[in-house]
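Worksheet for the structure shown next.
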Amino acid sequence: VRILVVGATGVIGGAVADALAARGHEVLRASRRSEHAVDIADASSIRALYARVGRVDGVICCAGEAVDRALLDTTDEDFATSFREKLMGQVNLVRLGVQHVNDGGVFVVTAGIYGTEPPPGAVAGAMVDGALESFARAAARDLPRRIRIVAVSPPWIKESAAPIGMDAPLTAAENAWSYVEAVEGNTTGVIVRPG
Ligand SMILES: NC(=O)c1ccc[n+]([C@@H]2O[C@H](COP(=O)([O-])OP(=O)(O)OC[C@H]3O[C@@H](n4cnc5c(N)ncnc54)[C@H](OP(=O)(O)O)[C@@H]3O)[C@@H](O)[C@H]2O)c1
């Protein structure tokens, strides 16, 4: 099937794009600096991307920054950035994408473990992860034409943890299987927690 992967140059999205391509799917790789350029923080950029790529069977988002700071250090701008990029960027990718997704297609958004197991110092990121999980559950009730939506909530990924001296068991390639299963399966409104 034809799948748009936003964040395809990243740790998580790169592995997802590679895994889908290895399964024989047609993968359109998007990000701000990819062949298919898009800034998900800008709705007009999302509209332009969909107009360029045409119809797809699935849209996967593995992009969106959230600012991790402690409660009393998180500024208005930190909250606004986190909501604009990671939350509304992905929400808008779904809202504006529905008319471009074929019947029975699928959206996959990326939340994160902070939504359910926040460490100290991650207030805005945790809020956004929780909101994305709620969004997926709710949007599944409203999506037309058997279009599905799944939220993947990854734990720390080995390749991202290593540079900051942390150990994490799950590799990006292992994590990518949850996205492949979301595309090839038939679930909707569910939260997948890899590993
Ligand atoms: N890695 C982890 O351990 C982990 C764990 C749980 C959750 N997550 C979540 O998973 C998502 C991806 O994480 P990652 O570690 O793979 O990040 P990453 O390696 O920094 O990659 C981010 C990707 O998103 C693209 N991107 C960033 N902002 C964008 C925007 N406004 N519009 C379009 N594309 C944009 C980047 O490419 P360009 O620079 O070309 O735009 C890149 O392809 C994040 O939301 C993160 O919070 C990550």
Side-chain angles (χ1 to χ4, degrees), residues 3-21 27-50 52-53 59-69 78-97 107-119 121-133 135-136 150-179 182 191-195:
I3 309 285
L4 177 63
V5 179
V6 179
T9 58
V11 171
I12 289 183
V16 168
D18 290 347
L20 288 166
V27 178
L28 308 172
R29 296 175 190 247
S31 78
R32 288 168 301 188
R33 288 167 291 196
S34 291
E35 178 196 351
H36 298 292
V38 64
D39 180 354
I40 60 168
D42 176 358
S44 65
S45 174
I46 295 175
R47 285 193 187 90
L49 173 73
Y50 281 126
R52 283 198 308 275
V53 301
V59 179
I60 296 180
C61 189
C62 312
E65 178 196 350
V67 180
D68 294 327
R69 290 216 172 92
D78 293 335
F79 282 114
T81 300
S82 306
F83 295 165
R84 184 177 62 243
E85 298 268 343
K86 186 166 179 178
L87 178 56
M88 291 314 296
Q90 299 197 76
V91 168
N92 284 336
L93 206 56
V94 174
R95 292 165 68 212
L96 302 173
F107 289 99
V108 185
V109 296
T110 299
I113 195 170
Y114 288 3
T116 47
E117 297 177 41
V123 169
M127 288 171 66
V128 164
D129 287 349
L132 283 162
E133 294 190 1
F135 171 72
V150 172
V152 178
S153 253
W156 269 95
I157 301 299
K158 194 178 198 64
E159 291 88 335
S160 306
I164 56 169
M166 265 177 56
D167 192 26
L170 196 74
T171 67
E174 290 162 347
N175 181 64
W177 277 106
S178 294
Y179 291 79
I191 317 304
V192 178
R193 305 189 192 281

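When a ligand or atom number is given, it counts from 1 through the structure's own listing order. Keep in mind that this is a model prediction, so the values were computed, not measured. All residue numbers in this chain count up from 1 along the given sequence.
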Sub-4.0 Å atoms of ligand 1 with respect to non-hydrogen atoms of [X]:
X      : value
Trp156 : 3 (O)
Ala8   : 43 (O)
Glu85  : 31 (N)
Thr110 : 9 (C), 10 (O)
Thr9   : 36 (C), 37 (O), 40 (O), 42 (C), 43 (O)
Ala63  : 24 (O), 25 (C), 26 (N), 34 (N), 35 (C)
Asp39  : 30 (C), 31 (N), 32 (N)
Lys86  : 9 (C), 45 (O), 46 (C), 47 (O)

Who's the nearest protein heavy-atom neighbour of [atom], and how far?
atom                    : answer
atom 19 (O) of ligand 1 : Val11 N, 2.9 Å
atom 32 (N) of ligand 1 : Ile40 N, 3.0 Å
atom 3 (O) of ligand 1  : Ile157 N, 2.9 Å
atom 12 (C) of ligand 1 : Cys62 O, 3.2 Å
atom 48 (C) of ligand 1 : Ile12 CD1, 3.4 Å
atom 6 (C) of ligand 1  : Pro154 O, 3.3 Å
atom 33 (C) of ligand 1 : Val38 O, 3.1 Å
atom 5 (C) of ligand 1  : Pro155 O, 3.2 Å

Min side-chain heavy-atom separation [X]-[Y] under 4.5 Å:
X      : Y      : result
Trp156 : Ile164 : yes
Thr110 : Cys61  : no
Leu4   : Arg29  : no
Phe79  : Val123 : yes

Problem - Side-chain donor or acceptor of Ser82 paired with backbone N/O of Val67 under 3.5 Å - result: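 Yes, the answer is positive, given that a donor and an acceptor are paired below the 3.5 Å cut-off.
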
Problem - Donor-acceptor contact present, side-chain Lys86 to main-chain Thr81, <3.5 Å - result: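 Not confirmed, Lys86 side chain does not pair with Thr81 backbone.
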
Practice task
Examine Arg33 against ligand 1 and note whether any of their N/O atoms are separated by less than 3.5 Å.
Solution key: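 Checking ligand 1 against Arg33, an N or O pair does fall under 3.5 Å apart.
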
Handout entry: Gly112 N/O under 3.5 Å from ligand 1 N/O
Key =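 It does not: no N or O of Gly112 is found under 3.5 Å from an N or O of ligand 1.
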
Practice task
Pick one of side chain, backbone, both or neither for how Ala161 approaches ligand 1, counting any non-hydrogen atom pair under 4.0 Å.
Solution key: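 Neither part.
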
Exercise for the section: Please state which part of Ala168 comes within less than 4.0 Å of ligand 1, counting heavy atoms only: side chain, backbone, both or neither. Expected result: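 Within the 4.0 Å criterion, Ala168 makes no contact with ligand 1.
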
Exercise for the section: Please confirm whether Gly14 comes under 4.0 Å of ligand 1, counting heavy atoms of the residue only. Expected result: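 So Gly14 does not count as touching ligand 1.
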
Practice task
For side chain to side chain contact (heavy atoms under 4.5 Å, CB included), just list the numbers for Thr9 and Arg33, CA-CA rounded to whole Å, side-chain angles, deciding distance to a tenth of an Å, and then say yes or no.
Solution key: CA-CA 8 Å; Thr9 58; Arg33 288 167 291 196; over 6 Å; no

Problem - Ile60 vs Leu20, side chain to side chain contact (heavy atoms under 4.5 Å, CB included): CA-CA, chis, key distance, verdict - result: CA-CA 11 Å; Ile60 296 180; Leu20 288 166; 3.6 Å; yes

Exercise for the section: Would you sort out whether Phe107 and Gln90 count as a side chain to side chain contact (heavy atoms under 4.5 Å, CB included), showing the intermediate values? Expected result: CA-CA 10 Å; Phe107 289 99; Gln90 299 197 76; over 6 Å; no

Pick whichever of [options] has a heavy atom sitting closest to [atom].
atom                    : options                      : result
atom 40 (O) of ligand 1 : Gly7, Ala17, Gly89, Ser31    : Ser31
atom 27 (C) of ligand 1 : Gln90, Arg32, Glu65, His36   : Arg32
atom 45 (O) of ligand 1 : Ser160, Ala66, Gly64, Ala172 : Gly64

Problem - Given Val152, Val5, Asn175, the one that forms side-chain contact (heavy atoms from CB on, under 4.5 Å) with Ile12 - result: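 Single side-chain contact (heavy atoms from CB on, under 4.5 Å) partner of Ile12 among Val152, Val5, Asn175: Asn175.
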
Handout entry: Within 6.0 Å of CZ in Arg69, more than 12 heavy atoms from elsewhere
Key =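 Incorrect, the count does not exceed 12.
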
Problem - Spacing of CG belonging to Asp42 relative to CZ belonging to Arg47, to within rounding of 0.5 Å - result: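 Those atoms lie 9.0 Å apart.
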
Problem - With Glu174 via side chain to side chain contact (heavy atoms under 4.5 Å, CB included) - residues at least two apart - result: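 Scan of Glu174 (side chain to side chain contact (heavy atoms under 4.5 Å, CB included), adjacent residues dropped) gives Leu170, Thr171.
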
Exercise for the section: Report the residues that fulfil side chain to side chain contact (heavy atoms under 4.5 Å, CB included) with Ala48, sequence neighbours left out, ordered by chain and then residue number. Expected result: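 For Ala48, the residues satisfying side chain to side chain contact (heavy atoms under 4.5 Å, CB included) (neighbours in sequence not counted) are Arg52.
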
